[in-house]
Amino acid sequence: MNTTVSTIVIAGALLLMLASLIVAIRNRPMGMVLLVGFALLEVAVLVQAGFVIAAVAGGAGPDDQATLFGYIGGQVLIPPAGVFLALAERSRWGPAILTVAGFAIAVMTARLLQIWQGTA
């Protein structure tokens, strides 16, 4: 698992979480900046998933691959689902949904690193 990509995913997710929280506190609907940010986050998550799949195919990785791929699958689904729900909810709760999505991606990436290193 590439720790550089994981660090980028965690930092990006936390930055988007903070931006979404600010938008939610200001009682504004989700804007184009958050939409593009979460699209870029999804690309980073897909790149990370590609690195993990390639490493596992090469024989690396933890013994518990079911949990690993469960986290990868969940990570891939969270940004599009969060954006879809945020677009459907045009009140302050739309960006609040994105706040939770950004936090979930950051935590799941940290957990993936723990699983990969065998410390979890």
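In what follows, residues are counted from 1 in the order of the sequence shown. What you see below is based on every heavy atom in this structure, not just the backbone, and it leaves out hydrogens, waters and symmetry mates.
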[X] and [Y]: same hydrophobic cluster, using ILVMFWY side-chain contacts below 4.5 Å?
{"X": "Val107", "Y": "Val45", "answer": "yes"}
{"X": "Leu46", "Y": "Phe84", "answer": "no"}
{"X": "Leu98", "Y": "Leu87", "answer": "yes"}
{"X": "Leu113", "Y": "Val47", "answer": "yes"}

State, yes or no, whether a side-chain contact exists between [X] and [Y] at a heavy-atom distance under 4.5 Å.
{"X": "Phe38", "Y": "Val33", "answer": "no"}
{"X": "Leu85", "Y": "Trp93", "answer": "no"}
{"X": "Ile78", "Y": "Met108", "answer": "yes"}

Are Phe103 and Val100 close enough, and set up right, to give a side-chain contact (heavy atoms from CB on, under 4.5 Å), and what steps lead you there?
CA-CA 5 Å; Phe103 182 72; Val100 173; 5.7 Å; no

Table please: side-chain donor-acceptor pairs of residues 60-73 below 3.5 Å, with sequence neighbours left out.
from: Asp64; atom 1: OD1; to: Thr67; atom 2: OG1; distance (Å): 3.3
from: Asp64; atom 1: OD2; to: Thr67; atom 2: OG1; distance (Å): 2.6
from: Tyr71; atom 1: OH; to: Arg111; atom 2: NE; distance (Å): 3.4

Who pairs with Thr99 by side-chain hydrogen bond (donor to acceptor under 3.5 Å, both in side chains), at least two apart in sequence or on another chain?
none

For residues 4-32, which side-chain N or O atoms pair as donor and acceptor with protein atoms under 3.5 Å away, sequence neighbours left out?
from: Ser6; atom 1: OG; to: Asn2; atom 2: O; distance (Å): 3.1
from: Thr7; atom 1: OG1; to: Thr3; atom 2: O; distance (Å): 2.7
from: Ser20; atom 1: OG; to: Leu16; atom 2: O; distance (Å): 2.8

Of all heavy-atom pairs between Ala86 and Ile97, which one has the smallest distance, and what is that distance?
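That would be N-CD1, 4.4 Å.
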
Do you know the tightest heavy-atom contact between Pro95 and Arg92?
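Result for this residue pair: CD-O, 3.3 Å.
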
